[in-house]
Number of protein chains: 2
Amino acid sequence: MDGASDGDRHDDPCSVLSDERQALVREVLARMVDKWGLWVLSELSEDGPLRFSRLLERVDRISQKSLTATLRQLERDGLVTRTMVAQVPIRVDYAATPLGRSLIDHVHPLWLWAIERLPDFVSARAIYDARTAEQQPS
Amino acid sequence: MDGASDGDRHDDPCSVLSDERQALVREVLARMVDKWGLWVLSELSEDGPLRFSRLLERVDRISQKSLTATLRQLERDGLVTRTMVAQVPIRVDYAATPLGRSLIDHVHPLWLWAIERLPDFVSARAIYDARTAEQQPS
DNA sequence: CTGTATCCTCTACGATACTG
DNA sequence: CAGTATCGTAGAGGATACAG
C-alpha cells in the first residue's frame, strides 16, 4: 500500500517492513511493556510453571479479568503455554516458552539500562516541572 | 556493566526497587512502546532536529493533539529538547538528547530480535487461532 | 480453582475549531 | 506555524457475580 513510499528513508530496519508487519512488531513489543504482559511473562520465566492463582498473587493488584486476558495474548503469541490438569478442583499451569524466555532475556538489558538511568529521569522531570511551574503559577 | 551474573537470569533487578521506583521505570519504559512515543523519538534520533510540522508528516496518522502530548512527555523525561525560534511564522525544533539516543540504541536490538522472530509469532498466532476456531465454530 | 459475563469508570485519541 | 480547548468515541481495566 505504500504507493509513493517514503523512498529510501534511513537505515532503519523497521522501515523496510510493510505496514502490516510493522504493526505486528509494534504489537508484540507493546505487549512487553504494557501494564501486565511483561510482568506476567517475567514471573513465569523466573519461576517455572505457575498456576493461575499463584500468578494472581504474585502480580500484585492485577484483576482476574486482566490476568486471563494477558495470558491469552501471551499464549496466542507463543510466549507461554497453558496446560490443563484434569482433576478436582481443576488446575491449570502456565509456563514460559523458549520464545518467551528469549524475549525476557532481550528485555532485561533494557530494564538494567532504565534502572541505571533512573536518576537522569528523576532530575529531568524535576527540572521540567520546576520550569513549567514558574511559568504557570496557576 | 556490573560483573553481571554468571548466567543467573533469575536475578530480577526490578524486585530490589521500591514500588515507587518500579512504577517510574515501568512508566518510562512504557512510553517507549506506547502508540507514538518510540516512533517519534526514533524519527528524531535518526534525522537530526525536526520541526513540529515535519514530525506531523513523518509520524503517519498521528494527530496534532497526540503529537504535542507525546513531545511534552518525552521532553519531561529528558529524552528530547524543544527549541523555539522567534521568527514569523514561529518555528520550533525538536531533537533527541543523548539520553534519548541512548534509549533508542538500547531498544534497537529488541526490534531486530522481534523482526527476526516475526515468523514465529505469525505461526504461533495461526496455530492458536485455528485451534480456538474449531472449538468455537460460532 | 479457573475462568466468563456484565457493568462502570477512566483515559487515550482523533476531529474540529480557535489563538498567538 | 505551533499549539490550546472542547467534544465525542472507543478501549483498557477494575469490581462483582456467576458458571464449569
Side-chain angles (χ1 to χ4, degrees), chain A residues 23 26-41 43-44 49-77 80-95 128 131-132 135-138, chain B residues 23 26-40 43-44 49-77 80-95 128 131-132 135-136 138:
Chain A
R26 192 171 291 280
E27 204 175 323
V28 172
L29 287 177
R31 187 104 43 245
M32 303 177 335
V33 196
D34 74 355
K35 198 166 183 184
W36 303 117
L38 184 58
W39 192 347
V40 170
L41 183 56
E43 292 290 342
L44 291 175
L50 288 173
R51 306 177 51 175
F52 187 85
S53 45
R54 295 290 135 257
L55 280 170
L56 210 51
E57 292 167 2
R58 280 167 170 260
V59 184
D60 215 33
R61 280 181 283 278
I62 195 176
S63 65
Q64 267 195 1
K65 178 183 175 182
S66 295
L67 179 55
T68 301
T70 300
L71 286 169
R72 290 291 173 278
Q73 297 276 20
L74 293 173
E75 190 191 357
R76 187 164 107 100
D77 286 336
V80 311
T81 56
R82 178 177 181 274
T83 310
M84 284 191 53
V85 181
Q87 61 179 38
V88 185
I90 201 173
R91 167 180 155 184
V92 180
D93 287 323
Y94 291 94
Y128 181 93
R131 197 179 39 194
T132 57
Q135 284 173 12
Q136 301 280 352
S138 133
Chain B
R26 192 171 292 279
E27 202 175 324
V28 172
L29 288 177
R31 187 103 41 246
M32 302 178 337
V33 196
D34 73 357
K35 197 167 185 182
W36 303 118
L38 184 58
W39 192 347
V40 170
E43 293 288 344
L44 291 174
L50 288 173
R51 305 176 51 175
F52 187 84
S53 45
R54 295 289 134 259
L55 280 170
L56 210 51
E57 293 167 2
R58 281 167 169 261
V59 184
D60 215 34
R61 280 183 284 278
I62 194 176
S63 67
Q64 265 195 4
K65 180 182 175 182
S66 295
L67 180 54
T68 301
T70 300
L71 287 169
R72 290 289 173 281
Q73 296 276 19
L74 293 173
E75 190 191 356
R76 187 163 107 101
D77 285 337
V80 311
T81 57
R82 179 177 180 274
T83 311
M84 283 192 53
V85 180
Q87 62 178 37
V88 185
I90 201 174
R91 170 181 152 185
V92 180
D93 287 323
Y94 290 94
Y128 181 92
R131 198 179 36 193
T132 57
Q135 283 174 11
Q136 301 280 350
S138 135

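Residue numbering restarts at 1 for every chain, and letters A, B, ... go by the order of the sequence lines.
- For B:Ser53, taking side-chain heavy atoms from C-beta onward, the closest of the listed nucleotides D:dG3, C:dT2, D:dC1 is D:dC1.
- A:Val40 is listed as a side-chain neighbour of A:Leu71, based on a closest heavy-atom distance under 4.5 Å.
- With salt bridges taken as basic N to acidic carboxylate O contacts below 4.0 Å, one links A:Arg131 and B:Glu75.
- Computed from coordinates, the B:Met84 CE to D:dC1 C1' distance equals 10 Å when rounded to whole Å.
- Contact of the B:Arg54 side chain with the B:Glu43 side chain is not registered, since no non-hydrogen atoms from C-beta on lie closer than 4.5 Å.
- In this structure, A:Leu67 places its CG atom 14 Å from P of D:dA15, rounding to the nearest Å.
- The shortest distance between the side-chain N/O atoms of A:Arg51 and the OP1/OP2 oxygens of C:dT2 is below 4.0 Å.
- Across all strands shown, B:Arg72 has heavy atoms under 4.0 Å from sugar-phosphate atoms exclusively, and none from any base.
- Taken to the nearest 0.5 Å, the CG atom of A:Asp93 stands 8.0 Å off from the CG atom of A:Leu50.
- For A:Thr68, no side-chain nitrogen or oxygen approaches OP1 or OP2 of C:dG3 to under 4.0 Å.
- In this structure, B:Arg82 reaches the sugar-phosphate backbone alone: every heavy-atom distance under 4.0 Å involves primed, P, OP1 or OP2 atoms, never a base.
- Rounded to a whole Å, the CZ atom of A:Arg91 is 17 Å from the C1' atom of C:dG3.
- Checked by atom type and distance alone, the side chain of A:Ser66 never pairs as donor or acceptor with a backbone atom of A:Ile62 at under 3.5 Å.
- A close approach under 4.0 Å does not occur between any side-chain nitrogen or oxygen of B:Tyr94 and OP1 or OP2 of D:dC1.
- The nearest whole Å value for the distance from the CZ atom in B:Phe52 to the P atom in D:dC1 is 11 Å.
- Rounding to whole angstrom units, CZ of residue B:Arg61 and C1' of C:dC13 are separated by 14 Å.
- Between the C1' atom of C:dT11 and the NZ atom of B:Lys65 lies a distance of 10 Å, rounded to the nearest Å.
- If you take CD of A:Glu75 and C1' of C:dT2, they are 14 Å apart, rounded to a whole angstrom.
- Taking atom CD on B:Gln64 and atom P on D:dT4, their separation rounds to 10 Å, with Å as the unit.
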